[in-house]
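Numbers here simply count residues along the sequence, with the first being 1. What you are looking at is a predicted structure, and each value in this text was computed from that prediction instead of being measured. These numbers come from the heavy atoms of this one structure, side chains and all, not from hydrogens, waters or symmetry mates.
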Amino acid sequence: MNEIITAGGVKYTSKNVTTGIDTISFTLVSPMEDPESAFREVTELTVGDEQETVYGQYPDVEYESITISADGSVTVSMHILTKTEKQIKELQVSQTEQDKAIAEQDEAIAEIFFGGGEVQ
């Protein structure tokens, strides 16, 4: 039985959908030009049947790997983020935004006090 994986708004016909504690993998039925680029930026996906009934939702995934078998079949593996991994990612994003705001603030202070340029 084929299943439909929806990732990034695109539907992919697949078979052998397997989930583990922290992974989901599936074999694509139709060959693709560049499967890695199709899944590298995917952060969520759903699994459903050919009648478009969704029975699996994975809101927090990351690309893990692509395996190409000798027969040419392509299996995609995605990592399912744990609660701790999601929190770490959120902190990293927050820290990056904070670092950017501090750099902008330093630049503004340098402009006020020193007439431009960066603070040394």
Query raised in the report: Closest approach of Ala38 and Met32, non-hydrogen atoms and distance?
Result: CB-CE, 3.3 Å

Query raised in the report: Looking at Ile4 and Asp49, what are the two nearest heavy atoms and their distance?
Result: CG1-O, 3.5 Å

Report task. Drop me the distance from Lys15's NZ to Thr75's OG1, to the nearest 0.5 angstrom. Result -> 8.5 Å

Report summary line: Between the OH atom in Tyr58 and the OG1 atom in Thr46, the distance rounded to the nearest 0.5 Å is 10.0 Å

Query raised in the report: Under 4.5 Å between side-chain heavy atoms, hopping through other hydrophobics if needed: is there a path connecting Ile68 to Met78?
Result: yes

Query raised in the report: How about Tyr12 and Phe39: are their ring centres within less than 6.0 Å of each other?
Result: yes

Requested in this report: Work out which heavy atom in Glu36 is nearest to a heavy atom in Ile66; give both atom names and the distance.
Outcome: CA-CG1, 4.0 Å

Report summary line: Between Ser73 and Thr27, the two heavy atoms sitting closest are CB-CG2, 4.1 Å

**Report entry** OG on Ser77 to CD on Glu62, rounded to 0.5 Å
**Finding:** 13.5 Å

Report task. Would you check if His79 and Glu85 make a side-chain contact, meaning some heavy-atom pair closer than 4.5 Å? Result -> yes

Query - More than 12 heavy atoms from other groups under 6.0 Å of CD on Glu50 - result: yes

Report task. Return the minimal non-hydrogen interatomic distance between Ile80 and Gly20, and the atom names on each side. Result -> CD1-O, 4.5 Å

Query raised in the report: Could you give the distance from CG (Leu81) to CD1 (Ile88), rounded to the nearest 0.5 Å?
Result: 10.0 Å

Query raised in the report: With hydrophobic residues grouped by side-chain heavy-atom distances under 4.5 Å, do Val10 and Leu45 end up in a single group?
Result: yes

Requested in this report: Could you tell me the separation between the OG atom of Ser14 and the CG atom of Asn2, rounded to the nearest 0.5 Å?
Outcome: 7.0 Å

Query raised in the report: Should Glu64 and Thr23 count as side-chain neighbours, where that means a heavy-atom distance under 4.5 Å?
Result: yes

Report task. Find out if a path of hydrophobic residues (ILVMFWY) with successive side-chain heavy-atom gaps under 4.5 Å connects Leu28 to Met1. Result -> yes

Query raised in the report: Hey, any chance Leu91 and Ile102 share a hydrophobic cluster, counting ILVMFWY side chains that come within less than 4.5 Å of each other, even indirectly?
Result: no

Query raised in the report: Does any non-hydrogen side-chain atom of Gln87 lie less than 4.5 Å from one of Lys83?
Result: yes

Report task. Without swapping roles, check the side chain of Thr19 against the backbone of Ile24 for a donor-acceptor pair under 3.5 Å. Result -> no

Query raised in the report: How many angstroms lie between CD in Glu104 and CG in Asp106, if you round to the nearest 0.5 Å?
Result: 10.5 Å

Query raised in the report: Are Val29 and Val76 joined in one hydrophobic group, where the rule is that I, L, V, M, F, W and Y side chains link up if heavy atoms are under 4.5 Å apart?
Result: no

